[in-house]
Amino acid sequence: MSTPPAGPASTLITNIGELSTQNEAEGPENSVLRDAAVVFEGERISWIGVASAAPAADAMIDAGGRCGLPGWVDSHTHLVFAGCRSAEFEARMAGESYAAGGIAVTTDATRSASDYDLTRLLLARAAEAAAGGTTYLETKTGYGLNVEEERRHARIASTVANQVTYLGAHLVPAGADAEEYTDLVCTDMLEAVRPYVQWADVFCEKGAFTEEQSRRVLQACRDAGLGLRVHGNQLGYGAGVRLAVEFGAASVDHVNYLTDDDVAALSGTWTKWNAAGPDAGGTDASGARTPGTVATCLPACDLSTRAPLAPARKLLDAGVQVALASNCNPGTSFTSSMNFCVATAVLQMGLTVSEAVRAATFGGALALRAHTGEDRDGKRAVGSLAVGHRADLQLLNAPSAAHLAYRPGMPLTGAVWRAGQQLGLPPR
Ligand SMILES: N=CN[C@@H](CCC(=O)O)C(=O)O
Ligand SMILES: [Zn+2]
């Protein structure tokens, strides 16, 4: 007679002084538990609640009263690149302004890098992000800008990132005709990257792609079955938000220059979500709420380009769901520190600590449509802590999340679990 297979090993993390669950079902006021504990079984959370009621587990970790949060969800990065643009950064700090043309410098360096080198660089950057508490990561193509290179970058990205975005429409490469290049992005290039990507994006901005070109890209990518996002309203007022809303994009990212109409248009996409319930028509057949277009703010990029900080406060007040992301890339934001983004959002953008933490966890998950998942099929929700969700947790070397902004720049990431596995952090 055979014995049943043993279930996955369980780990109890107890004595968590403050646990920010970001669990929607608990309501905003109840999404912080005191004296809490979590149990992981394999890659999933199997129990969460008050420590005194926790079940036994195979292993036990005492958090010593520290603060626990979901792992950061970084919903906007450009990590597949080679080369360095610190000289461009220094020139900017001496008064030059940022222009999209710098992308071409990285494109040259990245095209010359071998698969081995690009993979090694990508892995190192992903490990750096994880050491800072990031447990779920999106990254993009966009430094290839021809069919073969975009395919190569998408393939490499897909071996490391949780989700990959096709950004062939990042810049028209030198010497190319803009209309012909846009056609290529919509046809052969799209077909080449398609097996590796879930999302498509377009840099809709002066110096990059016009409204009409962006519209063609979004249409073709939507027809190919990709989810959509837009780089919009970064360098000036423009059509980015409008297009994102028109196409039902999951996010519009940057959003530095917004008119009242842009804010109202974004807000309109969240009406159902904000009034969810069967009567409001805000849920689908399975009871899941209907999300709109997330406004993704990139504070590290805003500082590094000396741009006005995105109006996150105004967006939240208008009922828009906001994500915070690092935008880690060599041109405008060479950091993957979500702690830094959260601190900046609190100290300079008018968000409360809990709003900023929510934007860097649940907000990022919403932008990637990874906020829900079946507790059966391996597609687990991230960005919040609840039974069945992926066991992505970080403990801070601090008693509360407020310390992220109260002690900015300090090494507060104490321990990180990704899909139930504790990551080795560099010694402090
Ligand atoms: N804005 C467009 N793309 C990147 C910057 C890319 C670069 O300058 O290399 C961004 O998100 O900021
Ligand atoms: Zn970007």
Side-chain angles (χ1 to χ4, degrees), residues 74-92 96-111 113 121 125 129 137-145 149-150 153 157 161 163-174 185 197 199-210 213-214 217 228-236 238-241 244 249-257 294-310 323-336 341 364 367-368:
D74 194 347
S75 61
H76 184 142
T77 76
H78 306 244
L79 298 183
V80 185
F81 70 87
C84 172
R85 285 169 45 204
S86 63
E88 178 187 319
F89 171 77
E90 272 198 274
R92 214 159 53 231
E96 293 287 319
S97 53
Y98 173 74
I103 294 165
V105 175
T106 302
T107 298
D108 286 348
T110 309
R111 285 178 178 173
L121 289 165
R125 290 172 190 139
L137 188 74
E138 178 270 6
T139 203
K140 303 176 204 308
T141 71
Y143 294 121
L145 308 186
E149 286 293 309
E150 282 292 310
H153 301 188
Q163 298 199 23
V164 181
T165 302
Y166 165 46
L167 184 57
H170 201 187
L171 187 77
V172 178
V185 168
V197 304
W199 300 97
D201 197 341
V202 55
F203 187 14
C204 177
E205 202 82 45
K206 218 178 228 162
F209 290 81
T210 65
Q213 291 160 350
S214 301
V217 171
L228 301 178
R229 43 188 81 261
V230 175
H231 275 68
N233 305 63
Q234 176 187 6
L235 306 177
V241 165
S251 74
V252 56
D253 304 33
H254 285 287
V255 295
N256 300 86
Y257 292 90
V294 173
T296 302
C297 301
L298 309 167
C301 172
D302 300 347
L303 294 175
S304 178
T305 53
R306 293 201 170 144
L309 288 157
L324 287 172
S326 74
N327 191 21
C328 184
N329 78 80
T332 62
S333 185
F334 198 5
T335 177
S336 60
C341 294
L368 295 173

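All heavy atoms count here, side chains included; hydrogens, waters and symmetry mates do not. One-based numbering, in listed order, for ligands and for the atoms of each.
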Ligand 1 contact by Phe81, heavy-atom criterion under 4.0 angstrom: no

Relative to ligand 1, is Glu205 under 4.0 angstrom through side chain, backbone, both or neither, heavy atoms considered? neither

When you measure from atom 6 (C) of ligand 1 to every protein heavy atom, which one gives the shortest distance, and what is it? Tyr143 OH, 3.3 Å

Determine whether the side chains of His76 and His254 contain a donor N or O and an acceptor N or O closer than 3.5 Å. no

Would you say the Zn ion (ligand 2) has His78 as a near neighbour, meaning an N/O/S atom of that residue under 2.8 Å away? yes

Judged by modelled atom types alone, do Thr139 and Thr77 share a side-chain donor-acceptor pair under 3.5 Å? yes

Residues Ala310 and Asn256: closest non-hydrogen pair is N-ND2, 3.8 Å

Closer than 2.8 Å to the Zn ion (ligand 2): does that hold for any N, O or S atom in His254? no

How wide is the angle at the Zn ion (ligand 2) between NE2 of His231 and NE2 of His76, to the nearest 10°? 100°

Which atoms from ligand 1 have a heavy atom of His254 less than 4.0 Å away? 1 (N), 10 (C), 11 (O), 12 (O)

Aromatic ring pairing Tyr143/His78, orientation class (parallel under 30°, perpendicular over 60°, tilted between): tilted

Go through the steps for Arg125 and Ser336 under the test side-chain hydrogen bond (donor to acceptor under 3.5 Å, both in side chains), then give the verdict. CA-CA 8 Å; Arg125 290 172 190 139; Ser336 60; over 6 Å; no

Close N or O approach (Thr106, ligand 1; < 3.5 Å): no

For atom 12 (O) of ligand 1, find the nearest protein heavy atom and state the residue, atom name and distance (0.1 Å precision). Thr332 OG1, 2.7 Å

Between Thr110 and Glu149: side-chain donor-acceptor atoms closer than 3.5 Å: no

For Phe203, the atoms of ligand 1 under 4.0 Å from one of its heavy atoms are 1 (N), 2 (C)

Any side-chain heavy atom of Leu145 sitting closer than 4.5 Å to one from Glu150? yes

Using a 3.5 Å distance criterion without hydrogens, assess whether the side chain of Asp201 forms a donor-acceptor pair with backbone atoms of His231. yes

Quick note on ligand 1: atoms under 4.0 Å from a heavy atom of Ile103 include exactly 6 (C), 7 (C), 8 (O), 9 (O)

